[in-house]
Amino acid sequence: MEFGEKTLSSEVIYEGSLLTLEKQTVEIFNGEKANREIIHHAPAVGIIAIDEDQRLVLVKQFRKAIERPILEIPAGLVDPGEDFLAAAQRELEEETQLQAEDWQTLDKFYVSPGYLDEYLQIYSCRGLETVSNPRPQDADEHIEVFRLSLSEAKQAAASGEICDMKTIYAIQYLEKQLLKEGNHG
């Protein structure tokens, strides 16, 4: 079986600073036409920062799309031409005023490829140090930094305070690492 769809027409519906919304008419597998709405989004990074006490460094910020504040791992967009690791290091410093000594590249994936082309690269880092003169947060961000143990992070996920997939991934990653090290958090 061959997979694919032939794009017959494409129209940009909206172009903003963060994303572009495109409407496409496609020919599907059986020759019929179908509409597709696609959001084009810059690539992003997520950072699983683990401190010396095996706690996750999380940021709390308001998310307008769901109308409430949530706890998340530090994350952000990769600037055009920027290296993914450099973007992760920049975002960690901007959002948490921390730098890390040891960085590890983890998984990369599409966030929701049914309608969105956002590509996310996840990093873990350890050896955290506070930056004396950190890069400033983005002007439109209001962030508070927290450090949660594995059990506290699991409780925050159970209560819905943590509800995004990259942070749930981070909790599972931390749990796996602690089990490897013989520590149960």
Side-chain angles (χ1 to χ4, degrees), residues 18 41-66 68-112 118-185:
L18 180 63
H41 190 283
V45 291
I47 303 100
I48 302 172
I50 303 169
D51 73 9
E52 65 281 352
D53 295 323
Q54 307 300 332
R55 297 175 299 176
L56 281 177
V57 176
L58 300 172
V59 295
K60 186 173 193 172
Q61 57 187 325
F62 184 81
R63 291 302 193 183
K64 184 65 178 165
I66 60 173
R68 65 188 178 99
I70 61 173
L71 284 170
E72 304 174 73
I73 60 172
L77 299 179
V78 178
D79 292 334
E82 186 178 29
D83 175 79
F84 277 71
L85 178 58
Q89 292 168 333
R90 174 182 50 76
E91 286 293 339
L92 179 66
E93 184 176 331
E94 285 176 3
E95 294 190 356
T96 68
Q97 291 75 51
L98 295 170
Q99 290 180 341
E101 185 177 313
D102 301 313
W103 288 84
Q104 181 182 0
T105 303
L106 300 178
D107 293 317
K108 46 192 170 239
F109 44 81
Y110 289 97
V111 176
S112 188
E118 181 182 9
Y119 182 77
L120 183 66
Q121 172 69 62
I122 302 288
Y123 292 91
S124 71
C125 62
R126 293 180 183 254
L128 304 177
E129 292 188 18
T130 301
V131 178
S132 58
N133 189 19
R135 300 172 197 229
Q137 289 181 357
D138 291 340
D140 64 346
E141 288 182 324
H142 176 69
I143 294 173
E144 192 174 342
V145 179
F146 290 83
R147 295 182 187 218
L148 271 60
S149 68
L150 176 60
S151 61
E152 291 168 333
K154 284 178 152 184
Q155 179 58 42
S159 73
E161 194 173 11
I162 291 174
C163 59
D164 72 296
M165 66 90 191
K166 69 184 179 308
T167 307
I168 292 168
Y169 172 98
I171 293 168
Q172 293 173 347
Y173 174 82
L174 178 60
E175 184 170 38
K176 182 179 169 186
Q177 293 303 302
L178 293 176
L179 286 172
K180 267 188 195 177
E181 297 166 7
N183 181 344
H184 301 289

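We count residues from 1, following the sequence as given.
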CZ (Phe109) with more than 12 external heavy atoms under 6.0 Å: yes
Shortest non-hydrogen contact from Ala42 toward Leu77: O-CD2, 4.0 Å
Whether over 12 other heavy atoms sit under 6.0 Å from Glu181 CD: yes
Closest approach of Gly46 to Leu120 (non-hydrogen atoms, all atoms of both residues): N-CD1, 3.8 Å
Over all atoms of both residues, closest heavy-atom pair of Phe84 and Ala44: CE2-O, 4.1 Å
Arg90/Asp79 ion pair, N-O < 4.0 Å: yes
Interatomic spacing from CD1 in Ile48 to CG in Leu106 - rounded to 0.5 Å: 5.5 Å
Least distance between heavy atoms, Tyr123 atom then Ala88 atom: CD1-CB, 3.6 Å
Heavy-atom pair with the smallest gap, counting every atom of Asp53 and Asp51: N-OD1, 2.9 Å
Glu152: side-chain contact (heavy atoms from CB on, under 4.5 Å) partners, not counting sequence neighbours: Leu148, Ser149
Spacing of Ile122 atom CD1 and Lys108 atom NZ [to the nearest 0.5 Å]: 12.0 Å
Check ion pair Lys166-Glu118 (N to O, under 4.0 angstrom): no
side-chain contact (heavy atoms from CB on, under 4.5 Å), paired with Glu95, selected from Leu58, Val59, Ile73, Ile47: Val59
Validation row: Leu85, Thr105 side chains within 4.5 angstrom (heavy atoms): no
Arg147-Gln54 side chain donor-acceptor pair, cut-off 3.5 Å: no
Donor-acceptor pair, side chain of Gln121 and main chain of Asp107, under 3.5 angstrom: yes
Nearest heavy atoms of Glu72 and Thr167, plus distance in Å: CA-OG1, 3.2 Å
